[in-house]
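Heavy-atom basis, side chains included; hydrogens, waters and symmetry copies ignored. Here is how names work: the chains are called A, B, and so on, in the same order as the sequence lines, proteins then strands, and each is numbered from 1. From a predicted model like this one, the values you see are computed outputs, not experimental measurements.
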Number of protein chains: 2
Amino acid sequence: MPARKETKAPPVMADADIAIVRIAPETSFKNKAYEALKEAILKMDIYATPEQVMLDERALSERLGVSRTPIREAIAMLEQDGFVKTVPRRGIVVVRRTKTEIVDMIRAWAALESMAARLITTTARKKDITALRDFFKDFGKDRLPQDHVEEYSKANIAFHQALISLSESPVLVDMTNDILLHVRGYRQLTIGRKDRTATSLPEHLAIIEALEARDTELAEKRARDHTLGLAAYVEAHGQELFS
Amino acid sequence: MPARKETKAPPVMADADIAIVRIAPETSFKNKAYEALKEAILKMDIYATPEQVMLDERALSERLGVSRTPIREAIAMLEQDGFVKTVPRRGIVVVRRTKTEIVDMIRAWAALESMAARLITTTARKKDITALRDFFKDFGKDRLPQDHVEEYSKANIAFHQALISLSESPVLVDMTNDILLHVRGYRQLTIGRKDRTATSLPEHLAIIEALEARDTELAEKRARDHTLGLAAYVEAHGQELFS
DNA sequence: TTCTGGTATTTGGTATGCCAAAAATATTCG
DNA sequence: CGAATATTTTTGGCATACCAAATACCAGAA
């Protein structure tokens, strides 16, 4: 039945197309719990507290007002994401990555982003590329990024996500977002550092220029080297953040 | 209690260090179910059957001899992996990727592998790089890959996995393996194609040569272009595989 | 006081049972 | 006979109860 049949004389009322208010089953408790726990974990700043953070199924189920079943399913999903690790008969620990792991992740990020840059040079529209500059329109010689670190940090993340999105590659987008969720944890403590922030903006602009010039190789190289630079920075200056 | 106390006169027996046979809790039903289902899905050749494959919780729990609870947790994990998608009150469907999605995945693979190649040129040992040739030692002018497609296909996958492993980057390894699991489904129908197989071997050897020469940029380029070539091939010749 | 042994408690793992929505099937009416 | 409708069945979602392992706690002995 490809098209909608137009009944000529509706007996009682004109059946459909009247504000179908999204009967959608809303999302299940399992998914709600997943989102809630994920957000909670991401904003708890794991690297600030010295002792390892643990979760308790029963406490969570009570807090969220649901039974343990959907909680456990959500935990299983979070474990697949690498955010928690459940130890049988011991508890559920929120995973803390080591510096080495973070550097490793950032390298993967660099790989994905450089591929995105490559694709963008061949498919993205000029106006969309140029629009990337808008993320930094509030910064310049009279308003230095290093003087508004927090704000610049947000713009930085937004820029990278927008950049990846331009590749129109769902896989690259999803994989990068996953990585960013893990790396973002101490973004404030690394990307936000003033010394690095100073070099960040020009590099971003240089990437945009290469993209506009449709210079595939150069765009790829600049995107890669930029993020690889962050990796090197974390590797060199991030020890104090980890145990 | 840092060190072990050496009792001078053990009354009945010399307590420990006598074959502690790993009391390990083995793995939970949840994990067993996860592994079992994952393997089953991977080997069922989803793209061969026309109608969409569906799973039934109760049937699975009966088949595996466990209750629905661990099955549901395993399903939740598989859904995170993108292997299945559960539709409320409808069923659990085994996800079939479109050609576009597969091409997209292969591009991400190319990105990760080229980064691996880059890292390898700076850290891997010469002998480990050279050892990569062993995967193809059974093929040559007298024994062409295109005449032993199935066998070459296995060697091909093994080579790529070994290559990534040489990067000593767990993140790259894991992400690539995830992708390979999805792409592998119709490996036989794409990578195995004779026309492509013919060009594959020389390209592999060229990658190895660049790695041995420690030519970072060249190794990266060759690794990238090789896998990107596969993506282009699938994009051009893979229509008949998808609906 | 300190060490030892045992007991109560905590915690994740698993099995079951029931619910509601959706689909499949049967039934009734025009 | 056909379509609208009522009924049964199927299926995932969720709550609950119980288990065993690991731990925490406590009393008694040295």
Side-chain angles (χ1 to χ4, degrees), chain A residues 1 5 7-13 15-16 20-37 51-80 84-95, chain B residues 1 4-5 7 9-12 15-16 20 22-37 51-80 84-95:
Chain A
M1 54 185 82
K5 178 174 56 179
T7 49
K8 68 174 74 172
V12 278
M13 64 175 291
D15 64 334
I20 298 180
V21 279
R22 180 67 173 157
I23 297 299
E26 5 241 303
T27 127
S28 61
F29 286 169
K30 170 182 69 177
N31 290 310
K32 284 183 180 174
Y34 171 73
E35 294 301 335
L37 293 178
E51 77 285 357
Q52 69 178 355
V53 181
M54 306 211 43
L55 302 180
D56 179 70
E57 285 185 7
R58 286 171 235 261
L60 291 174
S61 80
E62 197 170 329
R63 282 270 299 259
L64 297 180
V66 299
S67 80
R68 284 176 57 208
T69 306
I71 297 289
R72 285 181 55 75
E73 292 172 346
I75 296 290
M77 299 197 291
L78 288 169
E79 188 162 13
Q80 285 299 102
V84 303
K85 167 104 179 114
T86 109
V87 185
R89 312 282 148 44
R90 293 296 295 268
I92 303 160
V93 321
V94 178
V95 172
Chain B
M1 55 185 81
R4 199 164 214 330
K5 179 174 57 179
T7 47
V12 280
D15 63 335
I20 297 179
R22 179 66 174 158
I23 298 300
E26 8 240 303
T27 131
S28 62
F29 286 171
K30 170 184 67 176
N31 289 310
K32 284 183 180 174
Y34 171 74
E35 295 299 335
L37 293 178
E51 76 285 356
Q52 68 178 357
V53 181
M54 308 213 38
L55 304 179
D56 179 70
E57 286 184 7
R58 286 170 235 262
L60 291 174
S61 80
E62 197 170 329
R63 282 271 300 260
L64 296 180
V66 299
S67 80
R68 285 175 57 209
T69 307
I71 298 288
R72 294 191 98 258
E73 292 173 346
I75 295 290
M77 295 163 70
L78 289 169
E79 189 163 13
Q80 284 300 102
V84 303
K85 167 104 178 117
T86 112
V87 185
R89 310 286 148 44
R90 293 297 295 267
I92 303 160
V93 320
V94 178
V95 173

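- Look at CZ on A/Arg89: it is 12 Å from C1' on C/dT10, rounded to the nearest Å.
- Look at CG on B/Asn31: it is 11 Å from C1' on C/dG13, rounded to the nearest Å.
- Here the P atom of nucleotide D/dA15 and the NZ atom of A/Lys30 are 13 Å apart, to the nearest Å.
- Atoms CD (B/Glu73) and C1' (C/dG12) sit 10 Å apart, rounded to a whole Å.
- Residue-level contact check: B/Ile75 touches neither bases nor backbone, having no heavy atom under 4.0 Å from any strand.
- The side chain to side chain donor-acceptor pair (under 3.5 Å) contacts involving residues 59-70 of chain A comprise A/Glu57-A/Arg68, where partners must be two or more places apart or lie in separate chains.
- Taking atom CZ of B/Phe29 as the reference point, atom C1' of C/dA15 lies 11 Å away to the nearest angstrom.
- The distance from atom NZ of A/Lys85 to atom P of C/dT11 is 19 Å, rounded to the nearest whole Å.
- Partner of B/Lys85 under the side chain to side chain contact (heavy atoms under 4.5 Å, CB included) criterion, out of B/Val94, B/Val93, B/Ile75: B/Val93 alone.
- Residues of residues 56-69 of chain B that place a heavy atom closer than 4.0 Å to DNA chain C, in numerical order, are B/Val66, B/Ser67, B/Arg68, B/Thr69.
- The CD1-C1' distance, from B/Ile71 to D/dT11, rounds to 15 Å in whole Å.
- Rounding to the nearest 0.5 Å places CE of B/Met77 at 10.5 Å from CG of B/Leu37.
- The two residues B/Met54 and B/Arg90 come nearest to each other via the heavy atoms CE-O, 4.0 Å.
- Nearest-nucleotide positions on DNA chain D for A/Pro70 and A/Arg90 put A/Pro70 closer to the 5' end.
- The shortest heavy-atom contact between A/Val84 and A/Val95 is C-CG2, 3.6 Å.
- In this entry the distance linking CD1 of A/Ile92 with P of C/dT11 reads 10 Å, nearest Å.
- In this view, B/Asp56 satisfies the side chain to side chain donor-acceptor pair (under 3.5 Å) rule with no residue, not counting sequence neighbours.
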